[in-house]
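Single-structure report; data block below.
By convention here, the first residue in the shown sequence is residue 1.
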Amino acid sequence: MNPDRALIDLLDRYAKNTLPPDEKAALEERMEGDPVLSQQVQEHLNLIESMRFYGGRRDLKASLNEIHDTMTTFAQHEQRPPVMTVTRTNLWRKYWPMTAVAASVALISILGTLQMTQSLETKQTAYYKELRRNVEQIRKSQSRIMADIAESKEKTGPAPETYAGTGFMISANGYVATSYHVIKDADSVYIENEAFGRLKVDILFSDKENDISILKIAPELLTPVKSLPYTVSPSEANLGEEVFTLGFPREDIVFGEGSVSAATGYKQNPNAYQVSVPVNPGNSGGPLFNAKGELVGIISGLQTETSGAAFATKSTILLHAITDMPIDTVNVPLALPRINTLKNLGKVQQVKKWREYVFMVRVYNAPK
């Protein structure tokens, strides 16, 4: 069903950035929880961009046609001058107007080509800037948290974090997996959830190429865990397979669901999936699990130019990373869970079990 006129007007104003801040925030909040609306907004933005591009080409073509008509009229009405001695000055005076017009046409053509080329380059650059902007938005959000806590009379912990993401336990003896870009350049890292509270962790190993890091909870801080109820899948998920995720794009845990939409990730990276799961800044490092409750991936990023295109590093790559961990970094052997007790449970029960082992990852950097 096509959106009604009121929705089209709302999308037009959103595309032109003329919505009041409160209406814009309300629309973006609706988009986060409504994939259909998010798709409609993206399609509308693409339509507006196409119309602008077409309008620019049409105006350029009209300008060129006008110059061409001027040249034709000039040539038709030119009167042959009396016979005179042909000199270099006379030739210049005779052909200068046409030369100037021709030069103008060439200049406009070159500028038009440059404009279209720069438009494409700017569009590609904007894509990468927008990915970086997601990080900046988190930093600004955390700055507001810093201000709120600074105004509070009761200070119960360290200074507010400079970055936040998600992680999850992969071993009952205190090993936690997350995305490398979540914890890179960190001076200290803490994890927390309702089940375990707040725990300091050490960064034991990082695979920068595949965006994976392994963290370790100190044994004296770890609440004893007999075993984890899920397993890490040693095989890849199938195209179209239903998948789910838990993460911390906000202060409380958020559930998302979708499916595997491509067997490769960004730029056809064979070590990742593309998934149609709604994710936001803060979801990075979160688990991606299937209907059996098995871990099949780690949420790693988002392609902003394509609605519903998120990426997750495959669980098979996580297993390779664990194998590659230097022996001297493992004081306590990393024992992966071997028995999956979630496979016969419903989704709600699986999520209740999973969320006990999913953490907000808080990253702290010393002031520079």
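- Here the shortest heavy-atom pairing between P229 and K353 reads CG-CB, 4.3 Å.
- Here CZ of R198 is found 10.5 Å from CE of M360. Values are rounded to the nearest 0.5 Å.
- When the side chains of ILVMFWY residues are joined at heavy-atom separations under 4.5 Å, either directly or via intervening members, F168 and I317 end up in a single hydrophobic cluster.
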(message) Using the rule given for side-chain contact (heavy atoms from CB on, under 4.5 Å), can you reason through L204 versus L334, listing the C-alpha separation, both sets of side-chain angles and the distance that settles it, and then say yes or no?
(response) CA-CA 11 Å; L204 288 189; L334 194 164; over 6 Å; no
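- No side-chain heavy atom of I299 sits less than 4.5 Å from a side-chain heavy atom of T166.
- Counting heavy atoms from C-beta outward, V296 and V260 have side chains that stay 4.5 Å or more apart.
- Within 6.0 Å of the CD1 atom in I339, the count of heavy atoms belonging to other residues, nucleotides or ligands does not exceed 12.
- Remark: Y273 pairs with no residue by the ring-ring contact (aromatic ring centres under 6.0 Å, His included) rule, at least two apart or across chains.
- Ring planes of W354 and F289: parallel class, angle under 30° (limits at 30 and 60°).
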(request) Could you check S276 against S259 for side-chain hydrogen bond (donor to acceptor under 3.5 Å, both in side chains), going step by step and ending with a plain yes or no? (result) CA-CA 5 Å; S276 60; S259 59; 3.2 Å; yes
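- In this structure, K352 places its NZ atom where only 12 or fewer heavy-atom neighbours from other residues, nucleotides or ligands lie under 6.0 Å away.
- Considering all non-hydrogen atoms of both residues, T231 and P337 come closest at CG2-O, 3.7 Å.
- Using cut-offs of 30° and 60° for the angle between ring planes, the Y230 and Y357 rings count as perpendicular.
- The side-chain hydrogen bond (donor to acceptor under 3.5 Å, both in side chains) contacts involving residues 310-326 comprise E236-K314, where partners must be two or more places apart or lie in separate chains.
- To the nearest 0.5 angstrom, M169 atom CE is 12.0 Å from Y175 atom OH.
- Looking only at side-chain heavy atoms (C-beta outward), L222 and F196 come within less than 4.5 Å of each other.
- Under the salt bridge (Lys or Arg N to Asp or Glu O under 4.0 Å) criterion, E194 pairs with R355, not counting sequence neighbours.
- Of all the heavy atoms in S284 and S300, the pair that sits closest is OG-O, 3.6 Å.
- Shown here are the side-chain hydrogen bond (donor to acceptor under 3.5 Å, both in side chains) partners of S188, two or more places apart in sequence or in another chain: there are none.
- Residues L319 and L336 have side chains in contact (heavy-atom distance under 4.5 Å, counting atoms from C-beta outward).
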Check: residues 240-250 side-chain donor-acceptor pairs under 3.5 Å, at least two apart:
| unit_1 | atom_1 | unit_2 | atom_2 | d |
| --- | --- | --- | --- | --- |
| E241 | OE1 | N238 | N | 2.8 |
| T245 | OG1 | P287 | O | 2.7 |
| R250 | NE | D252 | OD1 | 2.8 |

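- Among all heavy-atom pairs drawn from G285 and S179, the shortest one is N-OG, 3.0 Å.
- Checked against side chain to side chain contact (heavy atoms under 4.5 Å, CB included), P20 has the following partners two or more places apart in sequence or in another chain: R13, D22, E23.
- Rounded to the nearest 0.5 Å, atoms CG (L199) and CD (E220) are 10.5 Å apart.
- By the 4.5 Å heavy-atom criterion applied to side chains, L318 and L295 are counted as neighbours.
- Looking only at side-chain heavy atoms (C-beta outward), V361 and I191 come within less than 4.5 Å of each other.
- G293 and L342 make their closest contact through O-CD1, 4.0 Å (heavy atoms, listed as atom of the first residue, atom of the second, distance).
- Connection of V279 to V254 is not established within any shared hydrophobic cluster, with ILVMFWY side chains joined at heavy-atom distances below 4.5 Å, either directly or through further cluster members.
- A 4.5 Å side-chain heavy-atom check between D187 and Y364 finds every atom pair outside the cut-off.
- Summarising the geometry, atom CD belonging to Q268 is positioned 9.5 Å from atom CD belonging to Q274; distances are rounded to the nearest 0.5 Å.
- For residues 335-347, the pairs satisfying side-chain hydrogen bond (donor to acceptor under 3.5 Å, both in side chains) are E257-K347, with sequence neighbours left out.
- Qualifying side chain to side chain contact (heavy atoms under 4.5 Å, CB included) partners for A195, counting only residues two or more places apart in sequence or in other chains: N193, E356.
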Output a table of donor-acceptor pairs, distance under 3.5 Å, between side-chain atoms of residues 210-218 and any protein atom two or more places apart or on a different chain; print 'none' if there are none.
| unit_1 | atom_1 | unit_2 | atom_2 | d |
| --- | --- | --- | --- | --- |
| N210 | OD1 | N271 | ND2 | 3.0 |
| N210 | ND2 | D207 | OD2 | 2.9 |
| D211 | OD1 | Y180 | N | 3.0 |
| D211 | OD1 | H181 | N | 2.9 |
| D211 | OD1 | H181 | ND1 | 3.2 |
| D211 | OD2 | H181 | ND1 | 2.7 |
| S213 | OG | S206 | OG | 2.7 |
| K216 | NZ | N173 | O | 3.2 |

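- Between V351 and V348, every side-chain heavy-atom pair lies at or beyond the 4.5 Å cut-off.
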